[in-house]
Amino acid sequence: MSGVLQIPFSLPAVQTQVNAFDVDPRMKERPVPTEADGYTTAMPGWMRFARMLALAFAVLVGVAVCHASAEELTAEEAGVLAEVWTVIDLYKQGASREWVAKALFNKGTTLGQQGNFKVAIAVYEGLDRHFGQDESPDVREWVAWALFSKGVILGEQGKPDAEIAVYDELDRRFDQDNSSGVREPVATALFNKGGTLGKQGRSDAEVAVYDELDRRFGRDDLPSVRRLAARGLVNKGVTLGKQGKPDAEIAVYDELGRRFDRDDSPDVREAFAQALLNKGIALRGQGKPGAAIAVYDELDRRFGRDDSYGMRRRVARALFIKGVILEQQAKPGAAIAVCNELDRRFGRDESPGVREWVARALFNKGVILGEQGKPDAEIAVYDELDRRFGRDTSPGVRKALISARTNSAELLLILGKPAEAAQKIRQIPQTTDYSNQMSAILPFLLWLAEPQTPRRDVRNAIVALSSDVKIIWRFDEIRPFVARLPDSRRTQAQCFIAFFETHRDAGKLDACLK
């Protein structure tokens with residue numbers, strides 16, 4: 001889990017989308033998700049009191065008086081705790097309990113953000129010691145959040161069992177508390193517990209926690225709590241899918257849809273949309289592409305006009321997968337029409353998570369045109385992608401862009417334009433990441449385009465590839481160009497291709513090149 005300890009009152013739920021697929025050049029089957037996406041561990045999404053708390057904390061802290069032993073703490077830690085104990089002193093002098101508890105929570109969270117986990121936990125434990133038995137709902141809220149945050153830190157430190165123990169303690173102490181400020185940290189702790197169990201490979205226990213979360217909070221009147229139950233159901237479905245139970249997975253998504261169909265909370269609606277997206281992936285995995293397309297059409301019908309980032313990203317991804325399925329059904333015209341529709345609706349979107357699907361759709365459109373025997377039209381699409389996204393730095397878009405440039409270079413070689421091909425290759429950021437096939441494919445293409453390129457550059461690059469790198473580049477298109485090379489270069493090119501396609505043996509390659 002990353003980025004969970006941040007400035008308080010601006011802690012949005014972490015939603016890292018796992019893309020189990022990349023854009024890969026010259027793939028016959030376009031990249032599609034192989035597993036559904038769930039939600040990662042969560043943090044509260046507060047925004048209230050942000051400026052007031054900052055002011056209150058500054059007033060409360062004042063001049064630090066250290067009550068800790070200098071022998072037990074570093075100078076920096078003693079200074080930090082001096083502020084904390086000064087806040088406690090002010091409480092003893094009659095300051096508002098709520099503001100003191102908030103100030104302590106704020107200090108602990110800021111320390112956690114700075115990576116000072118030991119002192120952050122000490123602050124949270126101090127808050128609990130002084131206010132853990134307080135009957136005020138406004139104070140109990142901060143005690144609950146402090147316990148939750150302590151659990152998060154323990155998870156960050158690689159102590160999942162201790163993390164879960166804190167969540168269990170939080171639940172035990174506050175499970176009967178019905179105040180709105182306490183229900184959210186309890187529900188969030190259950191949600192995170194499920195995720196932590198999942199990371200430990202305890203999938204059955206994970207599912208049981210999501211069921212408990214749903215039973216207790218699935219009909220809560222707080223949207224911030226209901227969303228956790230909905231997200232828990234999404235994660236339950238993903239987990240069942242990973243267990244090889246696609247029918248049970250789909251049943252969970254359908255149940256979520258029935259329960260939350262009319263819920264107008266934006267976060268709950270996003271969970272519903274994610275369930276539909278995942279359902280389509282599951283149906284496609286069952287060999288039901290038509291049913292999958294119907295689900296993606298339903299997602300678009302329900303949420304296609306929603307302007308929120310989360311919805312735009314999901315709708316764009318659904319359209320992208322729909323286009324892939326249509327192409328695989330030998331419906332290239334319909335697939336290109338979907339790519340064009342995706343571009344028309346989202347082509348000007350400034351969000352990286354949406355632009356990625358536009359760029360990938362343009363790339364796929366180019367591949368489809370190439371498969372129709374239209375190399376000039378294919379190159380034109382790649383050039384359009386380059387013109388519009390050439391300076392985009394987001395990872396998903398860069399992958400599509402690099403794939404487009406690489407395909408363009410190969411096509412230019414095939415069309416007898418080696419100088420243009422070399423220019424295109426030089427526009428591609430050269431990689432020395434030898435867990436990436438492109439670190440070897442690109443030097444090979446450049447060697448084909450420029451005879452003066454040393455052969456050893458290609459040899460060294462491809463031999464350096466990690467043994468577990470999967471070569472998915474297809475060499476069928478380049479073979480006619482290789483066949484026209486002079487005898488010695490043709491033989492050498494065939495040696496390189498044989499390495500990629502068959503043996504992956506450096507000794508055999510060197511023997512072939514002699």
Side-chain angles (χ1 to χ4, degrees), residues 21-32 315-350 352-429 438 441-442 445 449 472-478 480-481:
F21 54 99
D22 294 324
V23 170
D24 293 306
R26 310 316 306 173
M27 288 183 65
K28 176 70 174 179
E29 178 174 337
R30 241 64 65 215
V32 293
V315 171
R317 182 177 174 183
L319 286 172
F320 171 81
I321 302 173
K322 177 182 176 180
V324 171
I325 293 173
L326 288 168
E327 195 278 331
Q328 291 172 342
Q329 291 180 318
K331 300 176 181 177
I336 288 176
V338 172
C339 292
N340 290 339
E341 173 70 6
L342 174 55
D343 186 25
R344 182 187 67 79
R345 290 169 56 182
F346 297 103
R348 298 179 182 273
D349 201 294
E350 296 181 357
V354 179
R355 292 199 309 271
E356 172 182 352
W357 301 111
V358 176
R360 291 185 175 194
L362 285 174
F363 171 77
N364 284 1
K365 176 182 175 180
V367 173
I368 294 170
L369 289 167
E371 291 174 346
Q372 292 180 317
K374 303 174 181 178
D376 292 331
E378 180 180 3
I379 291 175
V381 172
Y382 295 148
D383 287 345
E384 171 70 6
L385 193 161
D386 204 336
R387 181 184 65 79
R388 289 168 53 186
F389 297 99
R391 297 183 179 180
D392 198 302
T393 58
S394 59
V397 174
R398 294 299 296 175
K399 288 179 181 179
L401 180 64
I402 290 171
S403 296
R405 287 174 175 173
T406 307
N407 282 11
S408 288
E410 184 186 48
L411 284 168
L412 289 167
L413 278 174
I414 294 169
L415 294 174
K417 301 176 181 180
E420 293 181 38
Q423 181 181 11
K424 185 67 68 173
I425 293 170
R426 295 190 186 283
Q427 293 177 356
I428 302 171
M438 300 313 297
I441 298 296
L442 289 174
L445 292 179
I472 58 175
W473 184 272
R474 300 185 315 185
F475 294 89
D476 293 344
E477 290 87 350
I478 202 66
F481 174 83

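Both backbone and side-chain heavy atoms feed into the values below; hydrogens, waters and symmetry mates do not. Just so it is clear, the model here is predicted, and its values are computed rather than measured.
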Determine the minimum heavy-atom distance between [X] and [Y], stating which atoms define it.
X: Ala361; Y: Leu342; result: CB-CD2, 3.4 Å
X: Val338; Y: Leu319; result: CG1-O, 3.2 Å
X: Arg398; Y: Arg405; result: NH2-NH1, 4.3 Å
X: Phe346; Y: Val315; result: CZ-CG1, 3.9 Å
X: Ala421; Y: Ala449; result: CB-CB, 4.4 Å
X: Leu385; Y: Ala359; result: CD1-O, 3.3 Å

Should [X] and [Y] count as side-chain neighbours, where that means a heavy-atom distance under 4.5 Å?
X: Arg317; Y: Ile321; answer: yes
X: Val367; Y: Tyr382; answer: yes
X: Ile441; Y: Phe475; answer: yes
X: Ser394; Y: Arg355; answer: yes
X: Ile379; Y: Lys417; answer: no
X: Val324; Y: Gln328; answer: yes
X: Met438; Y: Thr406; answer: yes

Can you tell me how far the [atom1] atom of [X] sits from the [atom2] atom of [Y], to the nearest 0.5 Å?
X: Lys424; Y: Asn407; atom1: NZ; atom2: CG; answer: 11.0 Å
X: Arg391; Y: Thr393; atom1: CZ; atom2: OG1; answer: 12.0 Å
X: Ile336; Y: Lys331; atom1: CD1; atom2: NZ; answer: 14.5 Å
X: Leu362; Y: Asp386; atom1: CG; atom2: CG; answer: 11.5 Å
X: Leu411; Y: Glu420; atom1: CG; atom2: CD; answer: 12.0 Å
X: Leu445; Y: Ile428; atom1: CG; atom2: CD1; answer: 8.0 Å

Might you work through the side chain to side chain contact (heavy atoms under 4.5 Å, CB included) test for Lys365 and Leu369, ending with a clear yes or no? CA-CA 6 Å; Lys365 176 182 175 180; Leu369 289 167; 4.3 Å; yes
Whether over 12 other heavy atoms sit under 6.0 Å from Gln423 CD: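 No, CD of Gln423 has 12 or fewer neighbouring heavy atoms, counting only those of other groups under 6.0 Å.
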